[in-house]
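All residue numbers refer to positions in the sequence shown, counting from 1. Bear in mind the structure is a predicted one, so any value in this text is a computation, not a measurement. Order of listing sets the numbers, starting from 1, for every ligand and every atom in it.
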Amino acid sequence: SKVQTSQKGLQRSMRGIATLLSLVLLSSISSTYANPLKVVQRISDSLQSKPRSREELKLGIAGFYDRSSKLWEEVWGEHMHHGYYVPANRTDHKQAQVDLIDEVLKWAGVEESGSRRPTKVVDVGCGIGGSSRHIARKYGATANGVTLSPYQAMRGNQLAQQQGLANRASFQVADALDMPFPSSSFDLVWSLESGEHMPDKKRFVDELFRVSMPNGRIIIVTWCHRDLSPNETSLTKKELNLLNKINRAYYLPEWCSVDDYVKILEEKGATDVKTEDWSWVIAPFWKAVIVSSLRPGSIWGLLKSGFSTQRGAYAMLLMLRGFDMGLIKFGLITCTKPK
Ligand code: SAH
């Protein structure tokens, strides 16, 4: 109950910070425009619109990351994902992000040494390649990353060069739903916070399986909606409404639950299927992102970065609300491809 009380306190303070941030953010965003009300209206209108088509989504994702990755890297470094907050009060956020990778690998039972350690890794939805380079270094493996964003692929390769990993980590623009790799190519298939962008989860899992070697390990860490209870057939209207707004801001298609992933994996005959909800592990992250966005440098960066990044910043508040109401889950899913 002590944990619950402190969780509640944390949620309250997150809400407080969220409100504060929305005011600061909106006023800072609006100062770049003549009429503040117009900007608020513009963000709010744009979050109401209809879902995007597949093609619009793909172009949107590429453009969104082309435009926002530089700012993210300046503020947060090379990892574009949540941090590992155990204990909850840790303050080295970049280290927390690296730890998340290590803790997920440990959770999934990936061996650190010996003949079963990973040697060939694919990083599906790789951002600027933070996971790939970390994993390549950690296991002495080679890594191939795919992203829809040409900027990210270029930057990923540049960083690999700078870090002396050019011969072992490489990045290219490609669609995760149709990867340019032969079947059975990798012994570790890694997808960290990219599954939520995939408009066809079944096809996504099919591709992860296809490029995995038999007996290879597949790890998906992704935003999901809560599992439905047996007497429910869908989320509530209010929940769907919130997700739709987040989808507009972050270029996401319809969401699914961890249960939905498990169903797909079981149909494929996956072995060692294991899942876990780590929402509590990452909870302090959004607070930290929001606090970081209040730094003068970040605000200045945001002002220069254009509408879709600004809207993305605003949508952090919606994410916070989604986690808070138990709608959004930080899902871990792993399995092995059958021999
Ligand atoms: N895994 C990275 C980046 C997460 S951001 C990290 O943790 O640092 C989400 C990434 O998914 C972006 O790089 C985006 O380009 C990629 N992505 C989204 N949809 C994709 C698709 N269909 N094919 C390939 N990459 C995709």
Legend entry - Pairwise distance CD1(I61) to CG(L252) - rounded to 0.5 angstrom: 7.5 Å

Inset, instruction - Only pairs at least two apart or in different chains count here, so list each salt bridge (charged side-chain N to carboxylate O under 4.0 Å, His left out) that has a residue in residues 78-98. - result: E78-R133, R90-D99

Legend entry - Side-chain hydrophobic cluster, 4.5 Å single linkage: members besides V189: V122, V124, V146, L177, M179, F181, F186, M198, F204, V205, L208, F209, V211, I218, I220, V258, Y261, V262, I264, L265, V273, I333

Inset, instruction - Kindly give the cluster partners of F171, where membership spreads through any ILVMFWY side chain lying under 4.5 Å from a current member. - result: none

Inset, instruction - May I ask you to decide whether K263 forms a salt bridge with D260, counting only side-chain N to carboxylate O separations under 4.0 Å? - result: yes

Inset, instruction - Have a look at W255 and tell me which of I246, L327, L235 forms a side chain to side chain contact (heavy atoms under 4.5 Å, CB included) with it. - result: I246

Inset, instruction - At a heavy-atom distance under 4.0 Å, which protein residues reach ligand 1? Sort them by chain and number, would you? - result: I61, Y65, H79, M80, H81, G125, C126, G127, V146, T147, L148, Q152, A174, D175, A176, L192, E193, S194, H197, M198

